[in-house]
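Inspection log for the structure reproduced underneath, given as structure tokens.
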Amino acid sequence: MGKRQGIGLYGIIGHPVGHSLSPHMHNAAFRALGIPAFYAPFDVTDLEGAMSGVRALGIKGLSVTVPHKEAIIKYLDLVDKVARKIGAVNTVINRDGTLSGTNTDWIGAVKALKEHLSLKGKKALVIGAGGSAKAIVMGLVEEGARVHIANRTQEKAEQLGEQFGCSCSGLDLPSGLEFDILINATTVGMGEEDAMPVEEDVIRGADLVMDIVYSPLETRLLRVARGLGKVTVNGLKMLLYQAVAQFELWTGVDAPIEVMENALKEAVGA
Ligand code: ATR
């Protein structure tokens with residue numbers, strides 16, 4: 001008689017996670033494929049205790065979000081090269097009790113962009129130098145794009161630039177800077193209708209504009225870019241594709257992308 005498999009438990013750990021869209025995507029995907037699994041949000045402040053719990057309960061996989069992406073590393077058995085390079089884990093896989101960490105945020109950004117263009121040889125301007133920017137910059141460099149990083153705190157842009165071999169500056173951009181792609185990797189515009197990370201003039205220089213902010217779905221940056229006839233990519237796409245990559249790592253099967261995208265859109269009322 002074969003070993004009976006119980007229900008696979010998955011979840012997201014972060015603080016806060018009450019508004020996380022990830023449960024919508026992953027549970028819809030499990031249901032669509034008939035996989036007996038459930039994905040729950042865990043609001044965690046005691047990370048050490050939570051990780052003992054993950055091991056004791058045999059939770060099969062985790063998404064990791066703010067503020068635990070860096071701190072979780074010390075509770076894992078293995079951390080892959082990509083996550084080490086980014087310095088952050090957004091995905092944990094439990095293989096027979098061995099917890100390994102990786103990062104799919106960069107895959108999310110790259111896939112969202114590659115729906116529209118090839119990245120090889122393209123020039124990108126990334127605004128921001130925090131955790132999200134780091135994953136995006138790594139993805140862009142990996143795909144053969146040339147990147148300029150601009151950040152409010154210039155020293156952080158310099159650190160990132162040095163690590164990934166990119167030029168950098170503060171938000172005052174060097175004159176004559178050319179780019180095909182403009183990416184907002186800051187929190188500017190999150191929950192605010194009128195804030196933009198750069199002036200309209202900067203947007204004119206790009207062919208494609210992507211925002212990691214997804215609330216509002218169309219930030220002022222994207223609204224202005226659309227008005228200027230630019231291709232726009234909203235923050236839901238990166239969120240979708242990082243989840244798609246997680247789902248495939250956990251289950252070993254192709255993720256039902258359309259199902260996940262529809263669940264995401266339904267959850268945000270788009
Ligand atoms: P995340 O992990 O989501 O990237 P983070 O690491 O806190 O978050 O990074 C936030 C980014 O948004 C940083 O690049 C930050 O700039 P600083 O390094 O100067 O702090 C940027 N940011 C946040 N608020 C900003 C604002 N009002 N204007 C410009 N940049 C801002």
Side-chain angles (χ1 to χ4, degrees), residues 12-17 19-22 44 47 62-73 82-91 101-110 112-113 124-141 147-164 166-173 179 181-203 209-217 219-222 224 233-243 246:
I12 179 164
I13 61 170
H15 179 69
V17 287
H19 295 290
S20 172
L21 298 169
S22 297
V44 168
L47 185 59
L62 291 176
S63 308
V64 187
T65 188
V66 178
H68 301 314
K69 285 186 179 187
E70 284 118 39
I72 197 167
I73 289 176
V82 163
R84 284 193 189 285
K85 220 166 161 178
I86 298 173
V89 161
N90 82 323
T91 308
T102 187
N103 191 304
T104 65
D105 286 331
W106 72 279
I107 300 175
V110 162
L113 291 166
L125 167 58
V126 174
I127 312 293
S132 308
K134 205 165 173 184
I136 291 168
V137 167
M138 199 213 72
L140 288 168
V141 169
V147 181
H148 181 91
I149 304 160
N151 193 48
R152 179 177 62 179
T153 310
Q154 188 167 336
E155 299 83 73
K156 279 169 71 184
E158 283 163 7
Q159 278 170 15
L160 209 56
E162 194 170 324
Q163 185 184 350
F164 292 103
C166 308
S167 59
C168 60
S169 66
L171 292 179
D172 277 336
L173 301 172
F179 47 91
I181 302 164
L182 168 64
I183 301 173
N184 175 38
T186 74
T187 48
V188 177
M190 196 193 286
E192 34 188 16
E193 291 290 334
D194 291 332
M196 271 212 302
V198 291
E199 298 296 323
E200 185 166 334
D201 260 1
V202 175
I203 303 172
V209 179
M210 178 163 106
D211 206 328
I212 65 161
V213 174
Y214 56 80
S215 177
L217 196 50
T219 55
R220 178 163 172 224
L221 174 72
L222 294 185
V224 171
V233 182
N234 69 43
L236 283 190
K237 285 288 184 181
M238 182 170 163
L239 191 67
L240 169 68
Y241 285 120
Q242 62 78 32
Q246 289 185 327

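Along the sequence shown, residues carry numbers from 1. Remember, it's 1-based here, ligands and their atoms both numbered in the order they're listed.
Checked by atom type and distance alone, the side chain of T153 never pairs as donor or acceptor with a backbone atom of E155 at under 3.5 Å. When atom types are taken as modelled, the side chain of R220 and the backbone of D194 share a donor-acceptor pair closer than 3.5 angstrom.
Atom 9 (O) of ligand 1 has G130 CA, 3.5 Å as its closest protein atom, hydrogens excluded (heavy atom only). At the shortest separation from atom 27 (N) of ligand 1 among protein heavy atoms lies R152 NH1, 3.4 Å. Taking atom 14 (O) of ligand 1 as the reference point, the nearest protein heavy-atom neighbour is N151 OD1, 2.7 Å.
A heavy-atom distance below 4.5 Å is not found between the side chains of H15 and V44.
Of the candidates I183, T186, V202, P197 forms a side chain to side chain contact (heavy atoms under 4.5 Å, CB included) with just one, namely T186. For the side chain to side chain contact (heavy atoms under 4.5 Å, CB included) test with N184, the passing option among T219, V198, V213, L222 is V213; the others fail.
The shortest N/O to N/O separation between G131 and ligand 1 falls below 3.5 Å. For a threshold of 3.5 Å applied to N or O pairs, the pair formed by A129 and ligand 1 contains at least one separation below that value. Any N or O atom pair closer than 3.5 Å counts here, and T186 shares no such pair with ligand 1.
Atom 23 (C) of ligand 1 has its nearest heavy-atom neighbour, among T187, T65, T153, V213, in T187. Nearest to atom 1 (P) of ligand 1 by heavy-atom distance, out of S132, P67, A135, is S132.
Within a 6.0 Å sphere centred on CD of E192, other residues, nucleotides and ligands contribute more than 12 heavy atoms.
Within 4.0 Å of atom 3 (O) of ligand 1, at least one protein heavy atom is present.
For the pair K69 and D105, the salt-bridge criterion is met [side-chain N within less than 4.0 Å of a carboxylate O].
Within the 4.0 Å heavy-atom criterion, the part of K156 lying near ligand 1 is the side chain and not the backbone.
In this model, a donor atom of one side chain and an acceptor atom of the other lie less than 3.5 Å apart for Q246 and S63.
Residue V188 has at least one heavy-atom neighbour below 4.0 Å for each of these atoms of ligand 1: 25 (C), 26 (C), 27 (N), 28 (N), 29 (C), 30 (N), 31 (C). When each atom of ligand 1 is checked for a heavy atom of G128 under 4.0 Å away, the hits are 14 (O).
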